[in-house]
Amino acid sequence: MSSSRRKFLQSAAAVSSAALLSSENLFASTQKVSQAAKTAPIVISTWDFGRFANADAWKVLEKGGRALDAVEAGVQVAEADELNQSVGYGGLPDRDGNVTLDACIMDEFYNCGSVMALEHIKHPISVARMVMEKTPHVILVGDGALQFALANGFKKENLLTESSEKAWKEWLKTAKYEPIQNIENKSYNKDGGKMPGGIDNHDTIGMVALDANNNLGGACTTSGMAFKMRGRVGDSPVIGAGLYVDNEIGAATATGVGEEVIRIVGSHLIVELMRQGMSPEAACKEGVLRIIKRNPEKSKGIQVGFLALNKKGEYGAYALQKGFTFSVKSGSEEKVYSAKSHY
Ligand code: GLY
């Protein structure tokens, strides 16, 4: 086990006892969302590995901390995890071998910050937060984002791990660009360990939380599509696409093929549908149906998953394909769910 994996397993265990990682009930029965946990605080995040991130977010929330602080601390866990090849350190590089990271963050006051195609910085989410808090802007990209990060004390690091470099060199043999669908439990097994059998893709972590003061916050961070074209940016750092937070209504985040999420401004759409009275799950389903309507044939071969939380602490998710999981942590539950899907 790697030291970073060990470290966050230990930290997760310290927060909420062995139940977090060893519970038989960790993988709850499928198709069961939008119930329980109607009181704040609560944190939800994409994928089963989100449970490790939720554990660190929960440390903030259980002390009455702000949702914004919780989501930043939470997604940092995934960013630092070298075994997670789709977020932060250890992320799979672009087709030229550069690890380029995208992230955004949003608070309860419509403040938001984003970095796109940022290299050499392990925690792009914290740079995004600094863009939000220390500049008059919302987005910094590429070299400008790096320059800003270095000027503000972030350390320049090599983010390309041996195993991601090996995967890239293997990919170079055919250099075939083909998004791979996430299939059930392929990326992480129940203990958080890597499953064999191929390269993961699109396992962005999106996290939204409702704190004890009934305020929402959200964060989304990814290394994007594996072996993408140099300069490609997906939905994750695009406010309204990969993430949206409206403190009156709710918050939503997305994972999967970012181009499809951007085309329908997915997360903003879902928040607006919740404003019209839809439950989080119904709103996420409607987002998925929009993607299908635009291109039914294409939608059969790609994955997109949406995850949403409303002001009442109700949550829900929906995906194009089977296999999208999400993690929930509140005072009353700690579970990983399989989202319903269209196909
Ligand atoms: N959803 C992540 C990406 O497409 O980059």
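None of these values were measured; they are calculated from a predicted model. Nothing fancy with the numbering, it's 1 onward along the sequence. The figures that follow rest on heavy atoms only: side chains count, while hydrogens, waters and symmetry mates do not. Both counts, for ligands and for their atoms, begin at 1 and track the order of listing.
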Worksheet item: Which option out of V238, T46, T204 puts a heavy atom nearest to atom 2 (C) of ligand 1?
Response: T204
Discussion item. Checking side-chain polar atoms at under 3.5 Å, does S299 have a donor or acceptor matched by the opposite partner on Y343?
Written reply: yes
Discussion item. Between E79 and H123, is there a side-chain donor-acceptor contact under 3.5 Å, judged purely by atom types and distance?
Written reply: yes
Discussion item. Give the atom numbers and elements of ligand 1 that come within less than 4.0 Å of a heavy atom of G256.
Written reply: 1 (N), 2 (C), 3 (C), 4 (O)
Worksheet entry | Residue D96 excluded, over 12 heavy atoms near CG under 6.0 Å | yes
Worksheet item: What atoms of ligand 1 come within less than 4.0 Å of a heavy atom belonging to D235?
Response: 1 (N), 2 (C), 3 (C), 4 (O)
Fill in: ligand 1 to R232 polar contact by distance, N or O atoms, under 3.5 Å
yes
Worksheet item: Should V257 be counted as touching ligand 1, given the test is an N or O pair under 3.5 Å?
Response: no
Response to the item:
Counting from 1 in the order shown, the ligand 1 atoms closer than 4.0 Å to a non-hydrogen atom of G234 are 5 (O)
Worksheet item: Can you tell me if Y110 and Y244 form a side-chain donor-acceptor pair at under 3.5 Å?
Response: no
Discussion item. Tell me whether K228 reaches ligand 1 (any heavy atom closer than 4.0 angstrom to a ligand atom).
Written reply: no
Discussion item. Is the positively charged end of K340 above the ring of Y318, judged by distance under 6.0 angstrom from the centroid and angle within 45° of the axis?
Written reply: no
Worksheet item: Would E281 and K285 count as a salt bridge (Lys or Arg N to Asp or Glu O under 4.0 Å) if you check the C-alpha gap in whole Å, the side-chain angles of each, and the deciding distance to 0.1 Å?
Response: CA-CA 6 Å; E281 184 185 306; K285 181 175 181 180; over 6 Å; no
Worksheet item: Is it the side chain, the backbone, both or neither of E260 that has a heavy atom closer than 4.0 Å to ligand 1?
Response: neither
Worksheet item: By number and element, which atoms of ligand 1 are closer than 4.0 Å to a non-hydrogen atom of S236?
Response: 1 (N), 2 (C)
Discussion item. Whether the S86 and N84 side chains hold a donor-acceptor pair (N or O, under 3.5 Å, no angle test) is what I'd like checked.
Written reply: yes
